[in-house]
Amino acid sequence: GAVVSQHPSRVICKSGTSVKIECRSLDFQATTMFWYRQFPKQSLMLMATSNEGSKATYEQGVEKDKFLINHASLTLSTLTVTSAHPEDSSFYICSARPGQGDLETQYFGPGTRLLVL
Amino acid sequence: AQTVTQSQPEMSVQEAETVTLSCTYDTSESDYYLFWYKQPPSRQMILVIRQEAYKQQNATENRFSVNFQKAAKSFSLKISDSQLGDAAMYFCAYCAGGGADGLTFGKGTHLIIQP
């Protein structure tokens, strides 16, 4: 149980285009999903917290207009990188927290590697 | 704000031996949780073990155990009988009680298993 998927696993796009990444909890309902960013050989940095049916909460320094987050259902959150630039190239990982039971453990998706040319 | 520090960028251990990875943290909260996550080359984050701050007993999961020293704000991971499949990046992580906040991660320790 507690499986989280992400799509796509890898994407290459041209500078100036927008890219959407989907995060799904497959066998549980997730009232909260989180988006992290990981640069090569670095740790995970929290970008934003996504709660179903409400606006996302962004960490300091993360541009909300650039990284659009939508959490329209209890099993799906999307991250859209708008007008992507080469510096946005990174590994993006989502996680999901169950709505009941073990509230503190987060289950991670396999990540999405974004390369902006 | 909470911080998590892993002071060992890299550790190496012989197969079948025991290794301990260090982690310290800083928080003003009384209700919190600590985790160790493993990230193999596939980059999939895998939960290794978790510890509730209110529990005095150290968590154990098969070959993995922690030494939780609350007063010292220390949370080390011991891996016994190391196996080749244990080779990975290991991240120590913190979250406040309730789980509403995201995880704060340490910088990670790269664990190498020598055959």
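Below, chain A is the first sequence line, B the second, and so on; all start at residue 1. From a predicted model like this one, the values you see are computed outputs, not experimental measurements.
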Self-check item: CA sep, side-chain torsions, deciding dist, call: M89(B), K41(A), side-chain contact (heavy atoms from CB on, under 4.5 Å)
Solution: CA-CA 9 Å; M89(B) 284 292 293; K41(A) 298 187 178 181; over 6 Å; no
Self-check item: Over all atoms of both residues, closest heavy-atom pair of F108(A) and Q44(B)
Solution: O-NE2, 3.0 Å
[atom1] ([X]) with more than 12 external heavy atoms under 6.0 Å:
X: K78(B); atom1: NZ; value: no
X: E87(A); atom1: CD; value: yes
X: K107(B); atom1: NZ; value: no
X: Q56(B); atom1: CD; value: no

Hydrophobic clusters here meaning ILVMFWY residues chained together by side-chain heavy-atom distances under 4.5 Å, can you tell me if [X] and [Y] are in one?
X: M45(A); Y: Y94(B); answer: no
X: L68(A); Y: M33(A); answer: no
X: L77(B); Y: F68(B); answer: yes
X: V13(B); Y: L84(B); answer: yes
X: Y58(A); Y: V19(A); answer: yes

Quiz item: Considering only heavy atoms, which portion of Q38(A) lies under 4.5 Å from any heavy atom of chain B: side chain, backbone, both, or neither?
Solution: both
Self-check item: Interface residues of residues 16-40 of chain B facing chain A - heavy atom cut-off under 4.5 Å
Solution: Y33(B), F35(B), Y37(B), Q39(B)
Quiz item: Is it the backbone or the side chain of F105(B) that comes under 4.5 Å from a heavy atom of chain A, or both, or neither?
Solution: both
Nearest 0.5 Å, please: how far is [atom2] in [Y] from [atom1] in [X]?
X: T105(A); Y: R50(B); atom1: OG1; atom2: CZ; value: 3.5 Å
X: L103(B); Y: L44(A); atom1: CG; atom2: CG; value: 9.0 Å
X: Y36(A); Y: M45(B); atom1: OH; atom2: CE; value: 8.5 Å

Quiz item: Sub-3.5 Å donor-acceptor pair from the side chain of S43(A) to the main-chain atoms of G106(B), do we have one?
Solution: yes
